[in-house]
Every structure is written in C-alpha cells, then in structure tokens.
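In this text the structure is predicted, and so the values were computed from the model without any measurement. Labels below follow one simple rule: chain letters A, B, ... track the order of the sequence lines, proteins then strands, and each chain is numbered from 1.
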Amino acid sequence: MTDQVVPRLRFAPAPTGFLHLGSARTALFNWLYARHTGGELVLRVEDTNAELARPELIDNIYESLEWLGIDWDGEPVRQSQRDHLYQEAIDRLVGDGRAYEDDGAIRFRVGDAGSTSWDDVVRGTVTFEHEHVEDFVIRRSDGSATFFLANAVDDLDLGITHVVRGEDLVNVTPKVIMLRRALGATDLPVFAHLPLIVNDKRKKLSKRRDDVSLASYRERGIIAPAMANYLALLGWGPPDDVEVRPMSEIVELFELTDINASAAMFDLKKLTAINGDYIRAMSVDDLADAIRPYIDAEPWGPGVDDESLRRVVPLLQERAKLLEEAPGIVDFLFFDDPEIDEASWQKIMTTETALPMLDAVVTAYADIEWTSHDLHAATLAAGEALGLKLGKAQAPVRVAVTGRTVGPPLFESLEMLGRDESLRRIEAARTRLT
RNA sequence: GCCCCCAUCGUCUAGCGGCCUAGGACACCACCCUCUCAAGGUGGCGGCACGGGUUCAAAUCCCGUUGGGGGUACCA
C-alpha cells in the first residue's frame, strides 16, 4: 500500500489585478509542500471570463509569485483555453443523466440521499449530507462552465494529488467530489483546507476594509523574504520554535499535517519586526539598492549618488523596520538646511547649557581631525568642561545639526556632513539663540 | 434560518495522556549597555472559554454549553 506517487499540487488564483494576501499564503503553502516532497506545483490561472483573461492581470500573478520566491513547474494552465474539456464533461454528465437542463443552465443532480465526506488533513473528517446540498449549476445559460465543474475537471485532468486551499472553500468540496466521481474517478486527492487569515475583528480579510494586496506591503518596504517567512507562520509553526529562518529550512520542516485549524490574525507589527530582522541581516550594497527607490522619491533624493548612499546605509540599517522609513532617518544629511523640529528645539535649546555648549564646540571643532572618533573626544571634553556628561552635552549639537533630538549616531553624522556644513548649522543655531 | 468549521498568553504559535508549577515569538513594562534613537542583553506581565464525562493521570480523548468564523449565486 505504499503509493510512491509524486505529489502534484496546484495554485489556482483568479486574476483580479493584485495578489491577495490570503492567496499568497495559499500559494506559499502549496509551494512549500511541493518542494518539501520533491513534488510538482502547477500554476492554474482561473481566467474564466474575457475580463479576467487580460494579459496584464495574469502577468501580475506571475510577478507577485516571483517576488515572493515561489516558482512553479511547467507552463501555467489557463482555464480560458480549456473550455472544450469542460463542455465534454458537461455533455457526458448530461448523457449519463447526472445533470439536467434548468432554465437554460445545466445543473448537477445531487439528490437527497446519502452524504459526501472526506478526510481533511487539517480538519479531520468533514461530512455533508446531500439533503443540504442543492442541485448546482455546472453550465451557465450563456454556455460557460462554472467554477465547480472546471475545478473538478482540471484537478482530475492535471493529476492533482493534493488540494491545499483556503477554508472558505470547504463548502464547495462536496460538490467537486461528487462531480469528480460522476466523471468516473475512483480516487480522491488529499484535501487540506487552510485556516483563514483574519483581521483584528476576526473577520476574513476583505478588500473593502483591509489592506489585502501583497503589493501594498511591498510598496511600504516589506521585503520579500520577510513576507514569505511571516506568511509561513500563519497557520504553521516550526517544531523547534525558531521562527525567523531561511526559506530553505522552512521547506525542509514543513508538513501539511502540522497546519493549524484555527484562523490566524494578520499582525502587521510582527511582520514589521521580522522585516527589521531581515533588513539588519542585509549587506550594505543590497540594502542600498533596496532603499534607492524610496530615496529617489524624496525631493532631495535623486541627487544622492550611490557612493553617498552606501556610506549612509549603516546609519539607518538597524533603525529602519520598513524600507520606506529609510529616507526619513538620514534626510538631514542631504538638506541644505536641517528642518528644525520645534518640540526638539524647545526641549533642548532652552536649557542654560545649550548656548555654552554650542560655543564650546565651535571652538573645539575648528582644528580637530574631522573623524567620528575625534569628534566624539572633542565633544566629550567640551561637555566635561561644562560639567555635562556626553548624553547631555551632545544634545544641543544634535538639534543644531539634525534638527531633532533623536537620530543616527551624531559623530558619524557630523563626519559625513563635513566640517564646513556642520559648523554652518551650529552657527545658525547660535544665531537663533542670541 | 440552514450547512460547515474553529476555540492555549492581547496576537502568532509549541504541546498531539504523564516530561506542563504550559515553552517560544511579536507587542507591552523594567533594568543593563549606551552620544540620542535604535539594535543587543536580562528579567517581568500574561493563556489552556465553561460544564460534564473517560482515565491511576487531560491543555491533550468524548459529549454538551457558550463564543467566534466561513458558506449559503447562472462569483471564484
């Protein structure tokens, strides 16, 4: 009884113009299992009408999956090109008396007797009594096949062995099983109905009120491996408690039987935290490339050359959790004048020691070697002369030069800004103070 | 309404009858480190929905209650 059949999975999205987070997770789980078992993953595009068959919508699916790192085997299957198969199946069903015409549509006859059940990997045995399943349409009056029919025909025809999909499809499963059997199949694929991804109201993620597009997270600066890693954690967990890890390891550990049955809330905070982990682990060059578009989107951005960008990356790398945050962390380095945050000014520059400290630093900075090391030493000494620890001493300088109380390491920032510009900003602050 | 499913810290999860005075992660709080902020380190807060069984023993098995969700289209 050892079936050595190679698992064959499929991901079957409808081209809606964007990949839904839930769909992305479904794609990922299919992919994980296929790769884990050395099986195959078929990409089946459910472009069942002319509007959905538009090339740009389908390309969007390819691009989204590729971004996430999900590949598939063979050419994508397009349902729009398989109508002849569906029509054949419908004719056969009608011929066999399993389906009948009703107001121009064709319905599959379910009847009231018996039940259909299957052993779901995630949910155990699920049973539907036929008396609760209505006769359902398999061909619309316009001649097109419905989802149920196409689904059953394709899974059979493509030799799909494992159906991994969202829980919102459990109720269609008995229909698909009935069709499959009516079409002559004696076997059933393995079914695994994944728990839904829900919002903070515990409702299924909806396009209307939730940010469900994979692309929108990408735009905000979630990087692909972080997203894939996080998605893998929704409904599944590694046996060793190591959550953030390379996808290759997740492929190795992943099992359908380990998937949870209960809905998982999409937690942007956790996603963001994981994203920060990945950002910190990037090389300077890779991170520089990754934030380039975000820099360029700033008014001051396009002028920043690659060399400068790379120098600045270490300053923001452990401070940015989202790529989109990157420009705001180092922008002051590229302004003609720092944008002074008034709250910061009020907090720091109104202290008695602010002006004396700036005075001291102007003198001290005049003829030191312009390195972060010497700047550090000079600032420390200037502060001590005023009875200030470094923490207090550096504050006015920071506000004068960066415009804020918080930011990247001050002395590295000063080093990058250069002596002339740094002193110019400090002078400007002194002028404002006196 | 009817059908189906779900139920461990606020959230994601580990647990698959004894290793559990329930482990990890995110979030939160405190402390340490420290030029600010981060990052990092240490510690803390916090949970098996409830009620019955079964068993020597239940977070783990069964039943019920309650709560939540999904589906109820000639959409997919």
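- Between A:K269 and B:G10 there is no side-chain N or O to OP1 or OP2 distance below 4.0 Å.
- Summarising the base pairing, B:C2 is matched to B:G71 through a Watson-Crick or G-U wobble pair whose two defining distances lie under 3.5 Å.
- With rounding to whole Å, A:K389 atom NZ is found 11 Å from B:C33 atom P.
- A salt bridge does not link A:D337 to A:R425: none of the charged nitrogens lies less than 4.0 Å from a carboxylate oxygen.
- Note: A:W72 and A:Y62 meet the aromatic proximity criterion, with ring centroids under 6.0 Å apart.
- Nearest to the side-chain atoms of A:V172 among the listed nucleotides B:G70, B:A76, B:G23 stands B:A76.
- Across the C1' atoms, B:G68 and B:C50 are found 15 Å apart, a figure rounded to whole Å.
- Across the protein-nucleic acid pair, A:L233 atom CG and B:U13 atom P stand 8 Å apart, rounded to whole Å.
- Taking for each of A:A264 and A:L271 the nucleotide of RNA chain B with the nearest heavy atom, the 5'-most of the two is the partner of A:A264.
- Between B:A76, B:U36, B:C2, one nucleotide has an atom nearer to the side chain of A:H132 than all others, and that is B:C2.
- Put simply, CZ on A:F266 is 15 Å from P on B:A27, counting in whole angstrom units.
- Pair assignment for B:G46: none, as no Watson-Crick or G-U wobble contacts are both less than 3.5 Å.
- B:A38: no Watson-Crick or G-U partner with both key distances under 3.5 Å is found in any strand.
- In the model, A:T402 has no side-chain atom that pairs as donor or acceptor with a side-chain atom of A:R398 under 3.5 Å.
- Of the candidates B:A25, B:C35, B:A76, B:A25 carries the atom nearest the A:E243 side chain, counting heavy atoms from C-beta on.
- Going from the P atom of B:G24 to that of B:G67 covers 34 Å, rounded to whole Å.
- What separates CD1 of A:I250 from P of B:A14 is a distance of 14 Å, to the nearest Å.
- The gap from the P atom of B:C5 to that of B:G44 amounts to 42 Å, rounded to the nearest Å.
- Atom C1' of nucleotide B:C74 and atom CG of A:D102 are separated by 9 Å, given to the nearest angstrom.
- Here, B:A14 and B:C9 have their C1' atoms 13 Å apart, quoted to the whole Å.
- Rounded to a whole angstrom, the distance from the C1' atom of B:C12 to that of B:A58 is 25 Å.
- Comparing B:C74, B:G69, B:A14 against the side chain of A:R140 picks out B:C74 as the nearest.
- Comparing B:C35, B:C74, B:G71 by their closest approach to the side chain of A:D168 singles out B:G71.
- Rounded to whole angstrom, the span from the CG atom of A:L268 across to the P atom of B:A25 amounts to 20 Å.
- Aromatic ring centres of A:F29 and A:F11: separated by at least 6.0 Å.
- Atom CG of A:D277 is separated from atom P of B:A25 by 12 Å (rounded to the nearest Å).
- The CG-P distance, from A:L179 to B:A76, rounds to 14 Å in whole Å.
- Listed candidates were B:C6, B:C35, B:G69. Nearest to the side chain of A:L196 is B:G69.
- A pairwise comparison of heavy atoms in A:T48 and A:Q79 identifies CG2-OE1, 3.2 Å as the closest pair.
- Across all strands shown, B:U11 is found opposite B:A25 as a Watson-Crick or G-U wobble partner, with both distances under 3.5 Å.
- Two residues, A:R107 and A:V406, neighbour RNA chain B, and the one matched to the more 5' nucleotide by heavy-atom proximity is A:V406.
- Not a single donor-acceptor pair, N or O on each side, falls under 3.5 Å between the base of B:G40 and the side chain of A:E318.
- The existence of a salt bridge linking A:E243 and A:K270 is confirmed by a sub-4.0 Å separation between a basic side-chain nitrogen and an acidic carboxylate oxygen.
- Nucleotide B:C61 has B:G53 as its partner under the Watson-Crick or G-U criteria, with both atom distances under 3.5 Å.
- Spacing between B:U21 and B:G47 at atom P, rounded to whole Å, works out to 16 Å.
- The phosphate of B:C6 (OP1 or OP2) has no side-chain N or O of A:N260 nearer than 4.0 angstrom.
- For A:E46, the listed nucleotide lying nearest its side chain is B:A76; candidates were B:A76, B:C35, B:G70.
- A:K321 has a side-chain polar atom (N or O) that falls below the 4.0 Å cut-off from OP1 or OP2 of B:A39.
- Each of B:G70, B:C3, B:A76 was ranked by its minimum atom distance to the side chain of A:K204; first place goes to B:G70.
- The listed nucleotides are B:C74, B:C12, B:A38; the one nearest the side chain of A:V137 is B:C74.
- Comparing B:C63 with B:A7, their P atoms sit 14 Å apart, to the nearest whole Å.
- With both ends at atom P, the span from B:C16 to B:G23 equals 14 Å, rounded to whole Å.
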